[in-house]
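See structure below.
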Amino acid sequence: MLALTDKLGTAQPMSGEILYEKHDGIAVITLHRPEKLNAITDEMLADFTNITNETMVDDDVRAVVLTGSGRAFCAGTDVSAGIARDHAAAAIERNKRIKPIDVPESTLPRLWTMARIPKPTIAAVNGAAVGVGVEWTIQCDFRVAAQEAKFGWVFALRAITPDTGAGPYLLPYIVGLPKALELMYSGRIIDADEALAIGLVSRVVPKDALLDTAIEFAQGLTNGAPLAVKGIKELTYGSLEWPPSVFDGHKTALLQATSNSEDAQEGVDSFLQKRPPRWRGK
């Protein structure tokens, strides 16, 4: 039997340093600069934005897996390439590379790239994840780790705060406030076993099984109707900010919208007819 990864199409280089491929509704984004431990340059960041924007609007994509090439997931930003020289100037240059596209509205911060994708997202962490790399992992809904994986919020050791802000906001919800502060204050790097023990990752697997495990996990998250999954993610992340009264308004609007969808009728019909549903995303 072929492994799931054997069934993936040939990875397409989007910048030479980021690969993108799809199979049966699962998009796989691979940071591909292994000789630099997948450290992120301005050009990679722009192309990463283009790719994630594409996953948002491509109805064929039902879930997204983010991983890295080689022995690291992502070593953070490549300061030797000048990405940290002047954030405002760098943003202007990056924006010139970003393709204009209408993406779904989101109340989430602009730099929470993975969290803004209105579909299930999984980080398949193959090695060290630090800096913006570790921030991207917690922007994902789930994390699966290879035994070699490591996680580190090393920002305080560089005299800065976490660049996307996902650590201070999302990490306490995942591992609890004291543990989150400990990791961010100290900059201590933890291994996969400790990440599993504190609830940062869902599972730890051998490295050669990592991508197959993540894709299989992603496929299990696509059984529900796309509009319902999108609404669940919107309500769940929105609940981090909305008071109950505001949440209730969004909940009611989304329930009405999904109840009136073609897929809602298909959900009833397939149940009564005892057959798998055929979702159309409408």
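Just so we're clear, the structure is a prediction, and the values are computed from it rather than from any experiment. Start at 1 with the first residue, then count along the sequence.
Shown here for G267 and S270, the closest heavy-atom pair between the two residues is O-OG, 3.1 Å. In terms of heavy atoms, E148 sits closest to N126 at CB-O, 4.0 Å. The two residues M184 and P162 have their closest heavy-atom pair at SD-CG, 4.3 Å. When all heavy atoms are compared, the tightest approach of L227 to S261 is CD1-CB, 4.1 Å. Between L157 and G187 the shortest heavy-atom distance is CD1-O, 3.9 Å. Closest approach of F155 and V132 over heavy atoms only: CZ-N, 4.0 Å.
Using modelled atom types, one side-chain atom of N223 and one backbone atom of G220 make a donor-acceptor pair closer than 3.5 Å. At least one donor-acceptor pair under 3.5 Å links the side chain of Q139 to the backbone N or O of L111. The closest donor-acceptor contact from the side chain of N38 to the backbone of A72 lies under 3.5 Å. Listed for the S259 side chain is no donor-acceptor partner under 3.5 Å among the backbone atoms of Q256. In this structure, the side chain of D78 does not engage the main chain of I40 through any donor-acceptor pair within 3.5 Å. Remark: side-chain polar atoms of T67 are paired, donor with acceptor, to backbone N or O of A124 under 3.5 angstrom. Between the R143 side chain and the A123 main chain, no donor and acceptor come within less than 3.5 Å of each other. Checking side-chain atoms of K119 against main-chain N and O of T55 turns up a donor-acceptor pair under 3.5 Å. A donor-acceptor pair under 3.5 Å is formed between the side chain of E135 and the backbone N or O of G167.
The cluster map of Ile, Leu, Val, Met, Phe, Trp and Tyr, joined by side-chain heavy atoms under 4.5 Å apart, puts L19 and L37 in different clusters. In this structure, L170 is not a member of the same hydrophobic cluster as F247, with clusters built from ILVMFWY side-chain heavy atoms closer than 4.5 Å. Hydrophobic clustering of Ile, Leu, Val, Met, Phe, Trp and Tyr side chains at less than 4.5 Å, counting indirect connections, keeps M56 apart from V229. Under a hydrophobic-cluster definition in which Ile, Leu, Val, Met, Phe, Trp and Tyr are linked whenever side-chain heavy atoms come within less than 4.5 Å, directly or via other members, I189 and V201 are assigned to different clusters. Under the 4.5 Å side-chain heavy-atom criterion for ILVMFWY residues, no single connected hydrophobic cluster contains both L108 and L235.
Between I190 and L200 the shortest side-chain heavy-atom distance falls below 4.5 Å. Between Y20 and T52, the closest side-chain pair of non-hydrogen atoms is not below 4.5 Å. For the pair L254/I232, no side-chain contact is recorded, criterion being any heavy-atom separation below 4.5 Å from C-beta on. Between R188 and W153 the shortest side-chain heavy-atom distance does not fall below 4.5 Å. No side-chain heavy atom of E17 sits under 4.5 Å from any side-chain heavy atom of L31. Residues L240 and Y169 meet the side-chain proximity criterion, which asks for heavy atoms closer than 4.5 Å. In this structure the side chain of V154 never reaches within 4.5 angstrom of the side chain of V134, judged on heavy atoms. With contacts defined as side-chain heavy-atom distances shorter than 4.5 Å, the pair L66/F73 qualifies.
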#### Entry: Stepwise side chain to side chain contact (heavy atoms under 4.5 Å, CB included) check, S69 with T30
CA-CA 7 Å; S69 292; T30 304; 3.2 Å; yes
### Task
Could you check I215 against H23 for side chain to side chain contact (heavy atoms under 4.5 Å, CB included), going step by step and ending with a plain yes or no?
CA-CA 9 Å; I215 292 173; H23 174 73; 5.8 Å; no
### Task
Dump the intermediate steps for side chain to side chain contact (heavy atoms under 4.5 Å, CB included) on L210 and V144, then the final yes or no.
CA-CA 7 Å; L210 176 65; V144 177; 3.7 Å; yes
### Task
Might you work through the side chain to side chain contact (heavy atoms under 4.5 Å, CB included) test for T222 and W279, ending with a clear yes or no?
CA-CA 10 Å; T222 64; W279 306 127; over 6 Å; no
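The environment of CD in E105 is sparse: at most 12 heavy-atom neighbours from other residues, nucleotides or ligands sit within 6.0 Å. Enclosure of atom CG in N260 by more than 12 non-hydrogen atoms of other residues, nucleotides or ligands within 6.0 angstrom is indicated.
To the nearest 0.5 angstrom, L221 atom CG is 11.0 Å from E216 atom CD. Atom CE of residue M44 and atom NE2 of residue H32 lie 9.5 Å apart, to the nearest 0.5 angstrom. Separating the NZ atom in K282 from the CG atom in D59 is a distance of 8.5 Å, to the nearest 0.5 Å. Atoms OG and CG, from S202 and L196 in turn, are 8.5 Å apart once rounded to the nearest 0.5 Å. Here the OH atom belonging to Y173 is positioned 12.0 Å from the OG1 atom belonging to T236, to the nearest 0.5 angstrom. Between the CH2 atom of W242 and the NE2 atom of H250 there is a distance of 4.0 Å, given to the nearest 0.5 Å.
When only modelled atom types and interatomic distance are considered, D269 and Q265 share a side-chain donor-acceptor pair under 3.5 Å.
K233 and D141 are joined by a salt bridge, as a carboxylate oxygen and a charged side-chain nitrogen come within less than 4.0 angstrom of each other. A salt bridge links D58 with K22: the distance from a Lys NZ or Arg NE/NH1/NH2 to an Asp or Glu carboxylate oxygen falls below 4.0 Å. Between R275 and E266, at least one side-chain nitrogen of the basic residue sits less than 4.0 Å from a carboxylate oxygen of the acidic one, meeting the salt-bridge criterion. Using a 4.0 Å cut-off between charged nitrogen and carboxylate oxygen, E194 and K150 do not count as a salt-bridge pair.
By the 6.0 Å and 45° rule, R116 does not stack over the aromatic ring of Y237.
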